[in-house]
Amino acid sequence: MNQKNQLSLHHMQRIQKKDWLIFAIQAAVWASILLLPSLTTYVSTQDIPTSKNLFIMLWNMLRSPFLLYFINFYVLAPWLLYKKRNWLFVLVNIVLFLALNYRFFYMRRYMPQMPREAWSGFFAGLVVFVLLNVVTITAAVGIRHYLRNRKMKQQLKDERAKNTEAELAWLKNQINPHFLFNTLNNISSLTQIDADAAQDAIAQLSDLLRYAMYETNKQMVPLSGEIEFMRNYIGLMQLRCNEKTVVNTQFSIENAQQEVAPLLFISLVENAFKHGVSSSRPSSIDISLSEHDGVLSFVCDNTNYPKSDEDRSGSGIGLENTRRRLQLIYGERYTWEQSLENDIYHIKIKINT
């Protein structure tokens with residue numbers, strides 16, 4: 001049996017267990033209503049015939065509401081009312097009520113000498129009894145409707161969670177091939193200049209891939225791993241930079257085990273090298289990551305050298321992916337600051353982890 005089938009079977013078993021629990025609770029409530037008066041009478045009087053007669057009287061009076069409750073809850077509400085067959089739902093309930101209480105309509109046969117005053121009391125009691133049945137039907141439909149809405153809301157919540165997880169996985173998978181492609185290009189260029197440095201870079205890339213493949217499958221990872229990954233990545237990206245480029249990094253972390261979403265800032269670092277480095281003009285990249293009292297702050301400032309219209313590979317992907325991941329993971333617990341001033345591109349992200 002594959003994993004999908006196992007999950008489906010587990011889900012069905014959980015639903016069946018929940019349905020049995022709902023039935024048991026309702027049966028217990030009705031049993032209490034029917035048995036509690038008789039049991040109370042027996043405990044106080046030790047009179048079995050009186051307790052038995054009280055139970056029979058209650059059963060004769062509540063048999064109709066009892067049966068109508070369960071018939072409406074399990075049959076009529078789901079099969080008629082929820083399928084918009086309202087008129088048939090009302091008609092079936094009327095027929096059931098008449099069938100269950102037909103003796104009420106032949107009272108003259110059983111009590112031919114009943115005084116007129118007694119009949120007025122009888123009809124008043126009949127009205128109360130009809131109202132009791134209507135209230136019982138309404139309660140059954142109301143409880144069924146509440147449980148149905150609750151189940152639908154939970155299913156919608158589960159579906160949204162699945163969609164969110166799928167979207168996050170898609171966004172992260174977009175990131176991994178992107179930086180891998182650029183890093184391989186850098187190492188390829190380095191092999192023609194310095195073979196030993198290229199070997200070191202390949203070993204560094206191996207560490208990066210190991211982390212990306214095996215450590216980032218979790219929803220959250222320790223900051224220590226992310227910082228080490230970022231340092232290695234920046235080192236590899238510097239391979240394509242010349243002496244005109246100055247790269248400064250600063251990591252100030254109070255709690256290295258503080259957790260963060262994996263590979264969250266790497267696209268922004270990549271964009272800084274992609275759009276902030278020129279081979280012929282002075283370039284600078286300043287990257288800092290700090291954590292204090294559970295508040296994480298990432299800042300990146302870089303010179304701005306926009307790509308030409310002919311070279312737009314990857315443009316905007318990193319920013320869109322990062323913002324979308326932040327929204328999905330952290331919701332309202334993050335702030336985004338972005339500006340371009342004096343040819344310096346600035347971005348700052350603050351997260352309340």
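The structure displayed is predicted, hence computed values, not measured ones.
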Quick check: does any side chain N or O of [X] sit under 3.5 Å from a backbone N or O of [Y], one acting as donor and the other as acceptor?
X: Thr353; Y: Gly294; result: yes
X: Ser51; Y: Tyr42; result: yes
X: Tyr82; Y: His145; result: yes
X: Ser206; Y: Ile202; result: no
X: Thr245; Y: Ser283; result: no
X: Gln257; Y: Leu223; result: no

Is there a side-chain contact between [X] and [Y], using heavy atoms and a 4.5 Å cut-off?
X: Arg325; Y: Tyr330; result: no
X: Leu264; Y: Leu326; result: yes
X: Val130; Y: Phe97; result: yes
X: Leu289; Y: Leu296; result: yes
X: Phe55; Y: Leu35; result: yes
X: Asn255; Y: Glu291; result: yes
X: Ile287; Y: Asn302; result: no
X: Asn242; Y: Ser279; result: yes

What are the two closest non-hydrogen atoms of [X] and [Y], and how far apart are they?
X: Leu58; Y: Ile33; answer: CD1-O, 4.2 Å
X: Ala261; Y: Ile329; answer: CB-CD1, 3.5 Å
X: Leu100; Y: Arg63; answer: O-NH2, 4.1 Å
X: Ser267; Y: Thr322; answer: CB-OG1, 3.8 Å
X: Tyr305; Y: Thr303; answer: CE1-OG1, 3.4 Å
X: Gln238; Y: Val247; answer: NE2-CB, 3.6 Å

Going by distance alone, is a donor N or O of one side chain under 3.5 Å from an acceptor N or O of the other, for Gln26 and Tyr69?
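Note: Gln26 and Tyr69 side chains meet the donor-acceptor criterion.
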Begin from the C-alpha positions of Gln204 and Tyr233 and carry the test side chain to side chain donor-acceptor pair (under 3.5 Å) through to its verdict.
CA-CA 8 Å; Gln204 204 170 12; Tyr233 183 79; over 6 Å; no
Check the surroundings of atom [atom1] in [X]: do more than 12 heavy atoms from other residues, nucleotides or ligands lie under 6.0 Å from it?
X: Asn342; atom1: CG; result: no
X: Gln250; atom1: CD; result: no
X: Asn149; atom1: CG; result: yes
X: Ile48; atom1: CD1; result: no

Leu132 vs Leu62, test: side-chain contact (heavy atoms from CB on, under 4.5 Å). Steps then yes/no.
CA-CA 9 Å; Leu132 175 63; Leu62 297 177; 4.0 Å; yes
Given the rule in the side-chain contact (heavy atoms from CB on, under 4.5 Å) test, do Trp336 and Leu319 qualify, once you have shown the distances and angles that lead to the verdict?
CA-CA 11 Å; Trp336 178 284; Leu319 291 178; 3.9 Å; yes
